[in-house]
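Below: the structure, in C-alpha cells.
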Amino acid sequence: MPHLIAPDVRYHSTWLEASAEFDGAHRDGGGAEDWSLEELRNAESFGRFVEALLLDALPESPRKPGYVPCTYLWIMDGGTFLGSLAIRHVLNDFLLNEGGHIGYSVRPSARRRGHAAAALADALPIARDLGIAPVLLTCDEDNAGSRATIEKNGGVYEDSRNGKRRYWIDTPSTGAPRTTSTSA
C-alpha cells in the first residue's frame with residue numbers, strides 16, 4: 001500500500017527511474033529544481049540532495065529568496081518511488097496566489113490509480129501538526145486530475161488567479177497519517 005516517507009538515499013535507483021519518466025517536465029513537490037538529473041545520478045550528489053530536502057524543513061536552514069521552510073515527503077509503494085509531495089510551512093505572496101501549501105507529483109506510469117489523493121489525505125494531518133490549518137491547494141485550470149484529487153480530499157473552491165484554481169481544505173485534528181520512518 002502506498003505511503004509517505006521522508007526522503008531516503010536507499011531509494012536512489014527507483015527515484016532515478018521515476019525522474020526519467022518525467023522527461024524534464026516540472027515536478028511540483030519534488031525539490032529538485034536546482035539539481036540536474038545527470039548530477040543526481042551520482043550517489044554522492046544524490047546524498048547531498050536528500051540531505052538538503054530534509055534540512056529544508058528547518059526554519060533556520062538557508063534557502064533561496066522567495067522560498068519558505070518545506071517538508072518534503074516521498075510517495076512510496078514498497079521499494080518503488082511513486083512521487084513527491086511538499087508541505088510548505090507558510091505562504092508568501094506567490095504561494096498564496098498560485099502555489100499553495102502542498103504540491104505533489106506522481107510519476108507518469110503510476111497516475112490515475114489514486115496515489116495522489118491518498119498521499120494528500122495522508123499529508124493533511126502532517127500539515128495540521130505543523131500548525132497549518134486550513135491548507136491552501138492550487139492546480140492549473142485545465143488539470144482535471146489534480147482538481148479531482150483536491151476535491152476528493154474536501155477542497156472547497158475559493159477562486160482562480162493567474163490560471164490557478166485555489167482550494168482550501170480543513171486539516172483533521174485526529175487520525176494518524178501513514179507516514180513511515182526511514183531510520184534503521
Side-chain angles (χ1 to χ4, degrees), residues 1-5 7 11 14-35 37 53 56 66-68 70-78 80-128 130 132-172 175 177-180:
M1 174 182 283
H3 57 280
L4 297 174
I5 67 163
Y11 302 107
T14 187
W15 185 94
L16 286 171
E17 291 167 6
S19 294
E21 289 183 24
F22 284 94
D23 196 27
H26 173 73
R27 294 180 299 170
D28 198 12
E33 296 83 15
D34 294 332
W35 302 79
L37 185 55
L53 293 180
D56 204 38
Y67 281 64
V68 301
C70 182
T71 296
Y72 288 98
L73 299 166
W74 288 354
I75 308 165
M76 299 291 297
D77 188 4
T80 302
F81 178 91
L82 300 178
S84 302
L85 184 142
I87 304 172
R88 301 165 191 117
H89 300 187
V90 296
L91 297 175
N92 58 23
D93 286 340
F94 171 77
L95 295 174
L96 178 64
N97 289 298
E98 296 184 41
H101 284 109
I102 298 177
Y104 50 84
S105 295
V106 173
R107 70 192 289 176
S109 65
R111 292 180 183 160
R112 298 190 169 130
R113 297 184 200 164
H115 298 312
L120 178 56
D122 288 347
L124 292 173
I126 298 169
R128 166 67 82 171
L130 290 168
I132 305 168
V135 172
L136 175 66
L137 278 102
T138 67
C139 66
D140 290 340
E141 288 280 359
D142 62 352
N143 188 338
S146 192
R147 180 178 175 175
T149 293
I150 294 167
E151 291 174 355
K152 181 176 182 176
N153 278 281
V156 177
Y157 176 74
E158 180 178 63
D159 62 12
S160 292
R161 300 179 188 177
N162 303 318
K164 301 285 186 181
R165 295 180 63 86
R166 298 173 67 251
Y167 293 86
W168 292 95
I169 300 177
D170 287 328
T171 51
R178 298 180 321 223
T179 304
T180 304

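Taking a 6.0 Å sphere around CG of Asp23, one finds it holds 12 or fewer heavy atoms contributed by other residues, nucleotides or ligands.
Within the model, atoms CD1 of Ile132 and OG1 of Thr71 stand 7.5 Å from one another, a figure rounded to the nearest 0.5 Å. If you take CG on Asn97 and OG on Ser160, they are separated by 12.0 Å, rounding to the nearest 0.5 Å. In this structure, CG on Leu124 lies 5.5 Å from CD1 on Ile169, to the nearest 0.5 angstrom. Expressed to the nearest 0.5 Å, how far CD1 of Ile126 lies from CG of Leu85 amounts to 8.0 Å. We find the CE-CD1 distance between Met76 and Ile5 to be 4.5 Å, quoted to the nearest 0.5 Å. Remark: Tyr167 OH to Thr138 OG1 distance equals 10.5 Å, nearest 0.5 Å.
Applying the salt bridge (Lys or Arg N to Asp or Glu O under 4.0 Å) rule to pairs touching residues 94-118 yields Glu21-Arg107, sequence neighbours excluded. Sorted by first then second residue, the salt bridge (Lys or Arg N to Asp or Glu O under 4.0 Å) pairs that include residues 133-144, not counting sequence neighbours, are Asp140-Lys164, Glu141-Arg165.
Not a single ring pair (Phe, Tyr, Trp, His ring centres under 6.0 Å) links Tyr104 to another residue, sequence neighbours left out. Legend: residues meeting side chain to side chain contact (heavy atoms under 4.5 Å, CB included) with Ala20, ordered by chain and number and at least two apart, are absent. The ring pair (Phe, Tyr, Trp, His ring centres under 6.0 Å) search around Tyr67 returns none, not counting sequence neighbours. Applying the side chain to side chain contact (heavy atoms under 4.5 Å, CB included) criterion to Leu91, with sequence neighbours excluded, gives Leu95, Leu96, His101, Leu136, Trp168.
Ala133 approaches Arg128 most closely through the heavy-atom pair CB-NH1, 3.6 Å.
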